[in-house]
Amino acid sequence: MSQTHANSEPHSEPNLRPKLMLIDGNSITYRAFFALPPLSNSQGQFTNAVYGFTQMLLKVLQTEHPTHVAVAFDAGKQTFRHRVYDEYKGTRQKTPSELSEQFPLVREVLEAFEIPALEVPEYEADDIIGTLATNAEAKGYEVLVVSGDKDLLQLVTNQVNAILTRKGVTDVERYTPESVFERYELTPRQIIDLKGLMGDNSDNIPGVPGVGEKTAIKLLKEFGSVEAVLSHIDDVSGNKLKERLRENEDKALMSKQLATIFCEVPINVAVDALTYSGQLTPKVLTVFRKLGFKSLVDKISREIDFSTNPSTVVDGKGGETKGVDEDTASATQETGVSSGDGTLTTKPAPQTPYQLIATKMELEQLWRQLRGEVGVIPVCDGADYHTANLEGFAIGTKSACYYVSFDGELETTDVKPLWSKDFEKTVFDLKSLVVLLDAHGQTLTPDGHWFDVLVSSYLLNPSDGELTLQNLLERELHRNVPQCNWDAVGDVEKKSQVASWLLELKHHINAGLREQELDDLFYKVELPLEFVLANMEVLGFRVNSERLKGIGGELQKQLEHLTEQIYQHAGMEFNINSPKQLGEVLFEKLGLPAMKKTKTGYSTSADVLEKLAPYHDIVADILQFRQLGKLQSTYVEGLLKVIRPETDRVHTRFHQALTATGRLSSSEPNLQNIPIRMEEGRKLRLAFEPTYQDWVILSADYSQVELRILAHLSGDEALVQAFRNDEDIHTSTAATVFGVAPEEVTSLMRRQAKAVNFGIVYGISDYGLSQNLNITRAEAARFIEDYFSKFPGVANYMKEIVEGARKTGYVTTLLNRRRYLPDIHSRNFNLRSFAERTAMNTPIQGTAADIIKLAMVRIDQALRESDLQARMLLQVHDELIFECPQTEVEELEALVHEKMENALTLSVPLKVDVHVGRTWYEAK
DNA sequence: TGCGACACG
DNA sequence: GTGCCGTGTCGCA
């Protein structure tokens with residue numbers, strides 16, 4: 001591994017060797033455009049791409065400190081590659097004007113940075129970069145190429161490294177020849193061969209059809225290059241593959257040619273002329289202001305080196321003066337600029353003094369030193385917080401770092417003072433800390449002054465991709481996070497440094513929460529909810545494995561019987577679980593009419609099969625087989641695997657920072673999708689029991705919560721009235737839409753109205769409804785039209801929510817939870833329509849999530865304050881499951897009713913149904 | 001490893 | 001030339 005550069009600090013260790021950074025301007029700008037929501041500044045000019053580009057630029061300059069920099073751009077449409085292959089980049093959509101108008105802005109930014117922008121007619125940015133990289137390498141430079149396109153990996157050598165974006169814009173990864181090999185098992189030059197074989201959709205490079213990354217790598221590992229593969233086709237394993245290679249020899253060779261970066265572009269600028277001073281001039285601030293980059297103005301102002309002029313620092317707290325802290329950044333920014341004299345320097349992250357705490361005496365001293373805000377990172381011997389052992393805590397303050405080790409005489413109970421209100425603790429993933437400490441008999445509570453950077457940053461953007469601590473630090477603070485193994489002991493000094501960065505992250509995120517008015521949602525709902533979820537995870541749900549095995553035995557018998565019958569119908573044996581083989585049997589052997597196709601073959605989905613049922617008895621058996629097979633594999637065998645044998649319990653994980661709408665999700669096992677709709681599956685709930693003999697399961701579910709929310713949000717009079725009268729909503733909708741009295745509504749009419757109601761909540765389309773009801777599109781469109789004319793408030797709400805999303809780029813729930821919808825401006829019909837439906841659905845689904853989360857927090861609090869033994873086991877989106885002694889049923893029922901129905905006050909009542917039973921099955 | 005199928009709200 | 005919202009898990013190719 002040659003991580004030496006990434007972790008070195010150029011300032012402390014002057015580097016005499018020149019370092020050239022070459023940035024692929026097109027690739028980074030493109031990537032930024034699609035990764036970021038369509039931000040625009042006060043003049044309505046779109047700035048997301050230039051913003052992302054600038055973020056990226058700042059980050060790489062700050063972390064790499066190059067001595068020479070250039071940015072390359074594609075020049076115009078036609079390139080020499082089109083002469084080879086006229087369909088080159090043919091599938092690529094026309095560059096949207098929202099993007100192309102930002103390229104001049106990118107150049108303005110570069111001008112302010114005094115970084116040259118290069119382009120050469122007929123050549124692409126790649127080729128310019130390749131040429132300069134080669135030249136510079138020959139002159140003894142260290143070279144870094146920065147791009148979003150993994151093609152550039154072909155340029156990597158020991159002297160030329162690549163920095164590629166991973167997710168978003170600023171989440172990057174640095175590649176050396178070793179790390180290219182680690183990732184692809186190929187040398188950098190073989191990246192060209194890889195593309196020759198697998199092609200590239202975005203550039204319309206064909207490759208060999210049917211060969212993807214996996215196959216291509218396998219072939220290259222064996223033969224080395226495209227040419228070698230083609231001259232040894234006979235030695236390739238797999239007949240189909242051989243055939244494909246033979247048929248596509250030309251394509252493979254041409255694809256390789258297209259993918260090869262041309263390193264002899266005629267450029268009239270010398271590498272040595274591309275010097276970069278490393279100093280930001282005030283011009284940069286001017287351009288940032290003009291573009292409306294408020295946060296970047298703050299950011300670079302914060303990094304201004306005031307060491308020569310400390311008196312300009314305005315620090316209201318009169319505290320530390322060596323840094324500019326977040327809260328005063330806006331004040332100092334003005335001073336920094338108006339003084340206008342000097343140059344502004346970006347600085348690498350500070351190193352904070354570190355101390356190991358391993359004895360009682362050292363710990364005593366720590367308590368005397370420590371006060372106020374601390375970042376805390378638990379250090380464990382494994383990734384799974386349900387089973388890992390706690391080995392110590394990395395602790396960071398603004399000015400010091402510590403590691404408290406439980407390796408010697410200290411144990412977890414010794415750090416108890418840390419959990420008191422006296423310390424304001426910031427962590428990443430509070431729930432996991434609560435679970436970890438519970439294993440050591442320590443109970444953390446919401447009143448202990450907490451901040452969680454995971455859940456809070458999720459609120460700022462729930463669709464931001466995987467939220468890891470590393471991602472957050474890099475994305476939000478532009479910190480180069482030291483390499484360390486987070487799921488193991490060791491690296492404690494680095495971890496404690498990161499712990500102190502948690503505090504900066506907190507302030508950064510807090511500012512965002514205030515700006516989006518999300519502080520209430522975070523502090524009053526999500527943060528306390530972490531403790532509720534932790535307790536549910538730790539407690540688990542008791543499962544009777546004997547009963548489950550009994551159900552499994554029954555299923556097995558039925559499955560065997562069905563298998564036999566299906567073979568008989570088919571006249572042959574085959575794998576019923578294989579959609580491919582099944583398709584062949586149904587549509588070729590038995591000649592049933594194929595109604596739909598998927599990319600891989602015939603569709604055998606349930607809705608297709610249901611239509612085929614009248615043609616052949618085999619179809620019903622297959623549907624039955626599929627259903628039972630699912631029950632057996634997922635719910636019997638899958639569940640048995642995760643029952644802890646010592647306790648007969650399953651412990652799900654709730655994910656609080658995952659869904660785009662604000663819902664929770666559950667996994668390992670997923671207890672939010674235990675069967676209920678079909679009786680056979682529902683029987684599985686017989687295996688879910690209360691902990692003790694004389695206890696019961698109590699379930700409480702919101703009735704029609706999403707439609708009630710729709711009534712509230714839209715204010716539609718008819719819908720509101722229906723709920724105020726406590727009518728059966730689907731019957732009432734049917735009566736209204738079909739213009740009949742409620743008692744004249746037939747079951748068909750009710751079923752159709754129900755589908756329309758669902759469709760409305762999902763962001764309706766005539767196609768979707770027609771599929772669901774098995775009617776024509778025209779008929780579905782009629783239904784929708786009728787519905788909207790009878791519920792004009794709903795029609796208007798849907799129109800306005802989409803318009804609002806177009807204007808602001810996001811939608812919100814009743815508690816201000818936000819979801820960005822960048823595709824709302826897409827030129828792609830599909831993506832745009834999807835975003836529009838999402839705009840209609842998310843406020844509804846998300847508000848339902850807000851409401852039940854609030855109810856959970858209130859119920860948890862009420863239970864803790866009461867003397868009830870009852871406890872919450874699960875949340876399933878619109879219902880809560882509890883267990884309690886039989887004697888508590890009445891009181892718990894009253895409590896749950898009260899808290900759930902009054903979680904929020906809407907213009908329609910919230911209604912909750914409660915069911916009690918010996919098992920989960922019987923609580924219906 | 002991506003996809004189809006299917007479990008839930 | 002489209003396809004109703006949000007999830008997780010299994011088996012196949």
Side-chain angles (χ1 to χ4, degrees), chain A residues 210 212-215 217 238 240 462-463 575-583 596-609 622-623 625-639 641-642 652-655 658-678 680-682 684-685 701-702 704-706 755-773 777 780 784 798 811 819 828-846 848-849 852 874-879:
Chain A
E213 183 176 310
K214 297 280 152 188
T215 315
I217 290 177
K240 233 194 198 125
S463 343
N575 186 344
I576 310 165
N577 276 321
S578 158
K580 188 166 169 282
Q581 294 181 37
L582 180 62
K596 215 165 68 177
K597 287 214 155 189
T598 63
K599 334 181 178 180
T600 44
Y602 305 104
S603 167
T604 64
S605 61
D607 62 304
V608 169
L609 260 44
I622 289 166
L623 284 167
F625 178 92
R626 284 244 185 95
Q627 247 182 33
L628 301 185
K630 177 78 180 177
L631 298 180
Q632 182 75 302
S633 65
T634 304
Y635 297 105
V636 176
E637 291 164 3
L639 208 52
K641 273 186 218 151
V642 291
T652 189
R653 281 148 211 273
F654 287 105
H655 305 276
L658 188 147
T659 72
T661 54
R663 274 190 179 181
L664 301 177
S665 85
S666 150
S667 69
E668 297 169 86
N670 180 352
L671 293 184
Q672 291 183 319
N673 70 347
I674 301 299
I676 189 167
R677 294 176 190 165
M678 293 294 172
E680 295 100 315
R682 191 173 199 159
L684 287 158
R685 294 182 174 223
D701 66 287
Y702 280 110
Q704 302 297 348
V705 66
E706 295 194 334
V756 172
N757 276 333
F758 268 92
I760 293 291
V761 169
Y762 291 160
I764 201 154
S765 76
D766 50 8
Y767 180 84
L769 185 65
S770 75
Q771 288 296 300
N772 196 336
L773 282 176
R777 243 170 88 162
I784 296 169
M798 294 298 175
V811 290
R819 178 179 183 179
N828 178 323
F829 174 86
N830 246 332
L831 292 177
R832 190 177 63 248
S833 306
F834 195 7
E836 288 169 0
R837 292 194 296 273
T838 308
M840 303 188 229
N841 172 261
T842 294
I844 300 173
Q845 192 184 119
I852 196 166
L874 291 181
Q875 185 248 49
V876 191
H877 309 309
D878 66 353
E879 67 174 321

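The sequence lines fix the lettering, A, B, ..., with proteins before strands; numbering per chain opens at 1.
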Could you tell me whether F758(A) contacts a base, only the sugar-phosphate backbone, or nothing, with contacts defined as non-hydrogen atoms closer than 4.0 Å?
nothing

Let me know the distance between CD of E637(A) and C1' of dG8(C), rounded to the nearest Å.
17 Å

Of dG3(C), dG4(B), dG9(B), the nucleotide closest to the side chain of T600(A) is dG4(B)

Is N575(A) touching bases, backbone alone, or none of the nucleic acid, heavy atoms closer than 4.0 Å?
sugar-phosphate

Rounded to whole angstrom units, what separation is found between the CZ atom of R626(A) and the C1' atom of dC12(C)?
12 Å

Answer with base, sugar-phosphate or nothing: what part of the nucleic acid does E668(A) contact at a heavy-atom distance below 4.0 Å?
sugar-phosphate

Taking CD from Q632(A) and P from dC6(B), how many angstroms apart are they, rounded to a whole number?
17 Å

Students often get this wrong, so: under 4.0 angstrom with heavy atoms, is S833(A) touching a base, only sugar-phosphate, or nothing?
nothing

When rounded to the nearest Å, what value does the distance between P atoms of dC4(C) and dC3(B) take?
16 Å

Given dG6(C), is OP1 or OP2 found less than 4.0 Å from the side-chain N or O atoms of R819(A)?
yes

By the 4.0 Å heavy-atom rule, please label A849(A) as base, sugar-phosphate, or nothing.
nothing

Would you measure the distance from the P atom in dG4(B) across to the matching atom in dG3(C) and give it in whole Å?
12 Å

By the 4.0 Å heavy-atom rule, please label R653(A) as base, sugar-phosphate, or nothing.
nothing

If every non-hydrogen atom of F654(A) is compared with every non-hydrogen atom of T652(A), which pair is closest and at what distance?
CE1-CG2, 3.6 Å

S603(A) side chain to K596(A) backbone, donor-acceptor under 3.5 Å:
no

Which part of the nucleic acid, if any, lies within reach of I674(A) when heavy atoms closer than 4.0 Å are counted: base, sugar-phosphate only, or nothing?
sugar-phosphate

Has the side chain of Q672(A) got a donor or acceptor that lies under 3.5 Å from a partner of the other kind on the base of dC8(B)?
no

Side chain Y702(A), main chain H877(A), donor-acceptor under 3.5 Å:
no

How many angstroms lie between atom CG of N670(A) and atom CZ of R653(A), to the nearest 0.5 angstrom?
13.0 Å

It should be established whether R663(A) places a side-chain nitrogen or oxygen under 4.0 Å from OP1 or OP2 of nucleotide dG6(C).
no

Just how far is it from atom CD of E879(A) to atom CD1 of I676(A), taken to the nearest 0.5 Å?
6.5 Å

Roughly, in whole Å, what's the span from CD1 in I676(A) to C1' in dA7(B)?
12 Å

Is S665(A) close enough to dG8(C) that one of its side-chain N or O atoms is under 4.0 Å from OP1 or OP2 there?
yes

Nearest-Å distance for atom pair CG/P, residues N670(A) and dA5(B)
21 Å

For a quick check of understanding: with a heavy-atom distance under 4.0 Å over all strands, which category does A848(A) fall into, base, sugar-phosphate or nothing?
nothing

For I760(A), report the nucleic acid contact type (base, sugar-phosphate, nothing); a contact means any heavy atom under 4.0 Å.
nothing

Rounding to 0.5 Å, atoms CG (L609(A)) and CD1 (I622(A)) come to a distance of 6.0 Å

Determine the interatomic distance between C1' on dT2(C) and the same-named atom on dA5(B); round to the nearest Å.
22 Å

Quick check for you: among dC5(C), dG4(B), dC10(C), whose closest atom lies nearest to any side-chain atom of R837(A)?
dC5(C)

Return the nearest nucleotide to the side chain of A660(A); candidates are dT7(C), dG11(C), dC5(C).
dT7(C)

Donor-acceptor pair present, R677(A) side chain and dG9(B) base, under 3.5 Å:
yes

Taking any heavy-atom pair under 4.0 Å as a contact, classify V761(A): base, sugar-phosphate, or nothing.
nothing

For a quick check, tell me whether the side chain of R777(A) and the base of dG3(C) share a donor-acceptor pair closer than 3.5 Å.
yes

Select base, sugar-phosphate, or nothing to describe what L658(A) touches, counting heavy atoms under 4.0 Å on all strands.
sugar-phosphate

What nucleic acid atoms does T604(A) come within less than 4.0 Å of, heavy atoms only: base, sugar-phosphate, or nothing?
sugar-phosphate

Output yes when at least one side-chain N/O atom of S578(A) is less than 4.0 Å from OP1 or OP2 of dA13(C), else no.
yes

dC8(B) C1' sits how many Å from Q845(A) CD, rounded?
12 Å

From the list dC12(C), dG3(C), dC6(B), which nucleotide is the closest neighbour of the side chain of A606(A)?
dC6(B)

To the nearest Å, give me how far apart CG (N577(A)) and C1' (dT9(C)) are.
13 Å

Would you say the base of dC4(C) stacks on Y762(A) (centre-to-centre below 5.5 Å, plane angle below 30°)?
no

Distance check needed: dT2(C) P versus N830(A) CG, whole Å only.
8 Å

Let's see if you can work this out: which of dG4(B), dC5(C), dT7(C) has an atom nearest to the side-chain heavy atoms of T598(A)?
dG4(B)

Out of dC5(C), dG9(B), dC4(C), which nucleotide sits closest to the side chain of N772(A)?
dC4(C)

Answer with base, sugar-phosphate or nothing: what part of the nucleic acid does Q581(A) contact at a heavy-atom distance below 4.0 Å?
sugar-phosphate

Please examine the side chains of E680(A) and L631(A), heavy atoms only from C-beta on, and report whether any two atoms are closer than 4.5 Å.
yes

Backbone of G846(A) reached by a side-chain donor or acceptor of R663(A) within 3.5 Å:
no

Scan N673(A) against the nucleic acid and name what it touches under 4.0 Å (heavy atoms): base, sugar-phosphate only, or nothing.
base

